[in-house]
Amino acid sequence: MIPTAHVHILAALLFGLGILGFLRQRNAIMLLMSVELMLNSANLSFLAAAREQGNVDGAMMPLFVLVVAAAEAAVGLALIIILFRKRVSLDVDLLRSLRD
Amino acid sequence: MASLLAFLLFAGLAVVCALVALFHRSVVHSAFALLGTLLGVADLFLQLGADYLAMTQVLIYVGGILVLILFGLMLTPPDRRELRPARIFLGLAVTGAGALLFLTRMDSGAWKAAPLQELPDLANQASPTAEPIGLAFLERDSWLLAFEFASVILLAALVGAVFIARRRFRVDDEGA
């Protein structure tokens with residue numbers, strides 16, 4: 001039986017790595033991958049809490065997170081393809097056409 | 001003790017692969033390192049007793065989202081360093097050596113030494129979680145509304161993605 005605190009520490013570590021990658025990358029695909037990493041660490045935390053409580057509700061949340069992640073990946077990659085077709089670069093700092 | 005060791009092994013795999021994914025210069029390497037992280041997390045789900053969620057993780061994250069990310073990578077500019085012949089030959093040599101080793105081991109009869117009947121029945125040791133999850137999804141006043149909303153969100157995201165990424169044909173030129 002793994003202690004619940006260990007799982008939470010690992011989830012926090014993975015979430016921190018995801019934030020670090022999100023803040024330091026400028027490639028749009030790498031940003032998407034960092035977000036996936038953060039969602040995954042949240043799933044891990046949810047599941048550890050569900051096992052601690054002996055409750056099925058905590059095990060339901062990761063499934064909805066999975067749905068959101070799949071929708072986000074589909075729309076995000078469509079945007080990336082449009083971005084590359086218009087700008088021939090994936091650097092998100094170049095996206096300034098919506099700025100005032 | 002053994003369970004803690006297994007936890008540390010796969011937690012280490014997930015963290016190391018996440019570090020490689022975030023700090024490697026090549027985006028293709030990052031995507032494949034993310035595969036290691038997702039598989040490590042799937043195994044941790046299994047160790048936490050969530051067998052259904054672990055299978056879903058492998059199917060949707062590894063089989064769906066990661067393949068989608070790789071598709072996005074292939075549609076965007078290639079890394080020049082990937083195209084050097086020395087790297088291609090190194091990859092072919094490693095794969096060929098692995099295949100050769102596999103074939104020789106298959107032939108040596110090592111597979112016949114361990115009869116399958118002596119393995120413990122892993123399927124019946126822990127209670128499967130698919131049944132309570134499925135019941136909770138379809139029960140009124142439980143998760144039914146969220147379940148239906150999720151299906152609508154997925155449909156909207158798919159239609160939206162197709163609409164955004166489609167090629168725009170010039171119809172107004174023909175009409176003029």
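We name chains A, B, ... by the order of the sequence lines, and we start the count at 1 in each one.
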Applying salt bridge (Lys or Arg N to Asp or Glu O under 4.0 Å), name anything that partners R26(A), two or more places apart in sequence or on another chain. D91(A), D93(A)
Return yes if some donor-acceptor pair links the side-chain N/O of R24(A) with the main-chain N/O of L22(B) below 3.5 Å, else return no. yes
If you take all heavy atoms of A165(B) and A78(A), which pair is closest and at what distance? CB-CB, 3.9 Å
L10(A) versus chain B, heavy atoms under 4.5 Å apart: side chain, backbone, both or neither? side chain
Ordered numerically, the heavy-atom neighbours of chain B under 4.5 Å found in residues 46-54 of chain A are L47(A), A48(A), R51(A)
Please answer: with hydrophobic residues joined when any side-chain heavy atoms are less than 4.5 Å apart, are L145(B) and I133(B) in the same cluster? no
Between A74(A) and A161(B), what is the shortest heavy-atom contact and its length? O-CB, 3.7 Å
Against chain B, work out which of N27(A), L13(A), L63(A) has the most heavy-atom pairs shorter than 4.5 Å and name it. L63(A)
Which label fits F7(B) and H6(A): parallel for a plane angle under 30°, tilted from 30 to 60°, or perpendicular past 60°? tilted
Should I29(A) and L79(A) be regarded as members of a common hydrophobic cluster, given that ILVMFWY residues are connected when their side-chain heavy atoms come within less than 4.5 Å of each other, either directly or indirectly? no
Decide yes or no for V41(B) and N43(A): does some side-chain heavy atom of the first lie under 4.5 Å from some side-chain heavy atom of the second? no
With chain B as the partner, which of M60(A), Q25(A), E36(A), M30(A) has the greatest number of non-hydrogen pairs under 4.5 Å? M60(A)
Could you check which of A50(B), A6(B), S30(B) has the highest count of heavy-atom pairs closer than 4.5 Å to chain A? S30(B)
Max heavy-atom pair count under 4.5 Å with chain A, selected residue of A146(B), A136(B), G160(B): A146(B)
With chain B, which of V75(A), L66(A), L20(A), L37(A) has the greatest number of heavy-atom pairs at distances under 4.5 Å? L66(A)
Leading residue by heavy atom contact count with chain A [cutoff under 4.5 Å; candidates G49(B), A14(B), A31(B)]: A31(B)
Honestly curious: do L9(B) and L13(B) fall in one hydrophobic cluster under the side-chain, below-4.5 Å linking rule? yes
Using a 4.5 angstrom heavy-atom cutoff, name the option from L83(A), L14(A), V68(A), L32(A) with the most pairs to chain B. L14(A)
Under a 4.5 Å cutoff for heavy-atom pairs, which residue among L34(B), V15(B), L48(B) has the most contacts with chain A? L48(B)
Please give me the minimum heavy-atom distance between I2(A) and S3(B), naming the atom from each residue. CG1-O, 4.3 Å
Joint cluster assignment, F32(B) & F10(B), ILVMFWY side-chain distance < 4.5 Å: yes
Using a 4.5 Å cut-off on heavy atoms from C-beta on, say whether the side chain of L44(B) contacts that of V7(A). no
When you group the ILVMFWY residues by side-chain heavy-atom contacts below 4.5 Å and let the links chain together, are V16(B) and L5(B) in the same group? no
Check whether any side-chain heavy atom of D57(A) sits under 4.5 Å from a side-chain heavy atom of W143(B), and report yes or no. yes
Taking C-beta and beyond as the side chain, do P3(A) and L4(B) meet within less than 4.5 Å on heavy atoms? yes
Donor-acceptor contacts, no H, no angles, side chain residues 52-72 of chain B, under 3.5 Å, sequence neighbours left out:
residue	atom	partner	partner atom	Å
T56(B)	OG1	Y52(B)	O	2.6
Q57(B)	NE2	N40(A)	OD1	3.1
Q57(B)	NE2	L38(B)	O	3.2

Where does L77(A) contact chain B at under 4.5 Å (heavy atoms): side chain, backbone, both or neither? side chain
Working to the nearest 0.5 Å, report the span between CD1 of I80(A) and CD1 of I164(B). 11.5 Å
Positive for ring pair (Phe, Tyr, Trp, His ring centres under 6.0 Å) with F64(A), one of F137(B), F147(B), F149(B): F137(B)
Once you round to the nearest 0.5 Å, how far does CD1 of I82(A) lie from CZ of R166(B)? 8.5 Å
Once ring pair (Phe, Tyr, Trp, His ring centres under 6.0 Å) is applied, do any residues pair with F22(A), and if so which ones, sequence neighbours excluded? none
